[in-house]
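Reviewing the structure listed below.
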Amino acid sequence: MHNLYLPLYAELSINAGEYDEALKYASSMEEYNVENEYVWLYRSLAYRLKGNLSLATHACNEGLTISPNSPSINYQMSVLSLLQGQPKAALHYAETAYAYADTQTIFVSSGSLYALCAALNEDTETYNSVAEEAESYGYEFSPDVKAITEGTKTIEDVFATGKGDFEWK
């Protein structure tokens, strides 16, 4: 198997709920390049969706050692912090993910996460700032941001079940 396709295979495995397969692909990626941030991203995702927050956090910490400004790994660490009841830490990681967003997808996702963390920390100024920036580009937050802040969904509903991430409608 060519190492170029390993991240794609890991992504497909995550989406299919085959977390152990994703972990195997992450290990294969690591054999080629231990500094590949996708090793740590897919490990953290697979472990989180398997319910092992400790191993997911360890994977994120390893990834942040290699790539401290990675928007994807900071995003995952923010989600893990929320799941572990650490909203202030989650806000910090979400801010970094948002600041270093390098694609439209991560910009919109990290913007939603940053706004959610700001709301959970009662940081209205940050929430409004992120909302204004998103609106200026024609983007909207995931409806899950409002659902969590209004109490119709929990953080666990969004980040620990199904695809383990925001839904977009």
Side-chain angles (χ1 to χ4, degrees), residues 7 10-27 29-30 34-103 105-123 126-127 130 141-149 151-168:
E11 180 87 20
L12 291 169
S13 296
I14 294 281
N15 289 336
E18 298 170 355
Y19 308 125
D20 290 331
E21 283 298 306
L23 291 168
K24 288 178 189 174
Y25 291 125
S27 292
M29 281 185 265
E30 185 178 20
V34 71
E35 293 186 1
N36 180 344
E37 72 181 69
Y38 290 107
V39 170
W40 311 105
L41 172 64
Y42 290 119
R43 275 195 183 142
S44 69
L45 267 168
Y47 284 131
R48 175 167 58 87
L49 294 172
K50 285 180 69 156
N52 192 330
L53 301 184
S54 175
L55 285 176
T57 301
H58 177 73
C60 276
N61 282 327
E62 290 290 321
L64 289 172
T65 299
I66 294 163
S67 185
N69 296 325
S70 164
S72 298
I73 296 174
N74 276 283
Y75 182 93
Q76 290 305 316
M77 193 60 141
S78 178
V79 168
L80 287 163
S81 297
L82 285 176
L83 287 168
Q84 294 174 65
Q86 302 167 345
K88 285 193 185 332
L91 181 64
H92 164 75
Y93 291 112
E95 179 181 20
T96 303
Y98 184 71
Y100 289 94
D102 53 2
T103 67
T105 301
I106 195 73
F107 177 78
V108 174
S109 294
S110 64
S112 290
L113 186 60
Y114 191 24
L116 172 62
C117 291
L120 295 174
N121 281 282
E122 298 179 359
D123 183 347
T126 297
Y127 181 92
V130 176
F141 297 144
S142 165
D144 289 334
V145 172
K146 185 176 181 182
I148 292 171
T149 58
T152 57
K153 280 189 177 182
T154 65
I155 291 166
E156 290 76 14
D157 290 338
V158 175
F159 297 114
T161 63
K163 297 288 183 193
D165 209 343
F166 289 120
E167 290 183 7
W168 307 88

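Excluded from the calculations below are hydrogen atoms, water molecules and symmetry mates; all remaining heavy atoms, backbone and side chain alike, are included.
A donor-acceptor pair under 3.5 Å is formed between the side chain of Thr161 and the backbone N or O of Asp157. Between the side chain of Ser44 and the main chain of Ala59, no donor-acceptor pair closer than 3.5 Å is present. In this structure, the side chain of Asn15 does not engage the main chain of Leu12 through any donor-acceptor pair within 3.5 Å.
The line from OH of Tyr93 to SG of Cys117 is 12.0 Å long, rounded to the nearest 0.5 Å. Note that OG1 of Thr149 and CG of Asp144 are 10.5 Å apart. Values are rounded to the nearest 0.5 Å. With rounding to the nearest 0.5 Å, the separation of CH2 in Trp168 from OG in Ser112 is 3.0 Å. Interatomic distance, Trp40 CH2 to Glu35 CD, rounded to the nearest 0.5 Å: 10.5 Å. Rounding to the nearest 0.5 Å places OG1 of Thr96 at 11.0 Å from CE of Met77. From Glu37, atom CD reaches atom CE of Met29 across 11.0 Å, with rounding to the nearest 0.5 Å.
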Stepwise side-chain contact (heavy atoms from CB on, under 4.5 Å) check, Ile106 with Tyr100: CA-CA 9 Å; Ile106 195 73; Tyr100 289 94; over 6 Å; no
Assess the residue pair Thr57 and Gln84 against the criterion (side chain to side chain donor-acceptor pair (under 3.5 Å)); give the C-alpha distance rounded to whole Å, side-chain angles, the decisive distance to 0.1 Å, and a yes or no. CA-CA 10 Å; Thr57 301; Gln84 294 174 65; 2.9 Å; yes
Criterion side-chain contact (heavy atoms from CB on, under 4.5 Å) on Tyr114 and Leu91, from CA distance to verdict: CA-CA 6 Å; Tyr114 191 24; Leu91 181 64; 3.6 Å; yes
Give the C-alpha distance, both sets of side-chain angles, the deciding distance and a yes or no for ring pair (Phe, Tyr, Trp, His ring centres under 6.0 Å) between Tyr127 and Phe141. CA-CA 11 Å; Tyr127 181 92; Phe141 297 144; 5.7 Å; yes
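Under a cut-off of 6.0 angstrom, the local environment of CZ in Phe107 is crowded, with over 12 non-hydrogen atoms contributed by other residues, nucleotides or ligands. Residue-environment remark: CD (Gln86) exceeds the threshold of 12 foreign heavy atoms within 6.0 Å.
Side chains of Leu120 and Leu82 form a contact here, defined as non-hydrogen atoms less than 4.5 Å apart. Side-chain atoms of Val158 and Leu116, non-hydrogen and from C-beta on, never get closer than 4.5 Å to each other. Proximity of Val39 to Ile66: side-chain heavy atoms (C-beta onward) are nowhere separated by under 4.5 Å. Using a 4.5 Å heavy-atom cutoff, the side chains of Phe159 and Leu113 are in contact.
Of all the heavy atoms in Ser13 and Glu21, the pair that sits closest is OG-CB, 3.7 Å. Between Ala22 and Ala46, the closest heavy-atom pair is CB-CB, 4.3 Å. Of all heavy-atom pairs between Gly164 and Leu49, the closest is CA-CD2, 3.6 Å. The two residues Leu83 and Ala160 make their nearest non-hydrogen contact at CD2-CB, 4.2 Å.
Salt bridge annotation for Arg43-Glu62: absent, with no cationic side-chain nitrogen under 4.0 angstrom from a carboxylate oxygen.
Of the residues Ile73, Val79, Leu41, Leu45, the one that meets the side-chain contact (heavy atoms from CB on, under 4.5 Å) test with Cys60 is Ile73.
Residue pairs meeting the side-chain hydrogen bond (donor to acceptor under 3.5 Å, both in side chains) criterion with at least one partner in residues 73-82, sequence neighbours excluded, are Arg48-Gln76, Tyr75-Asp165.
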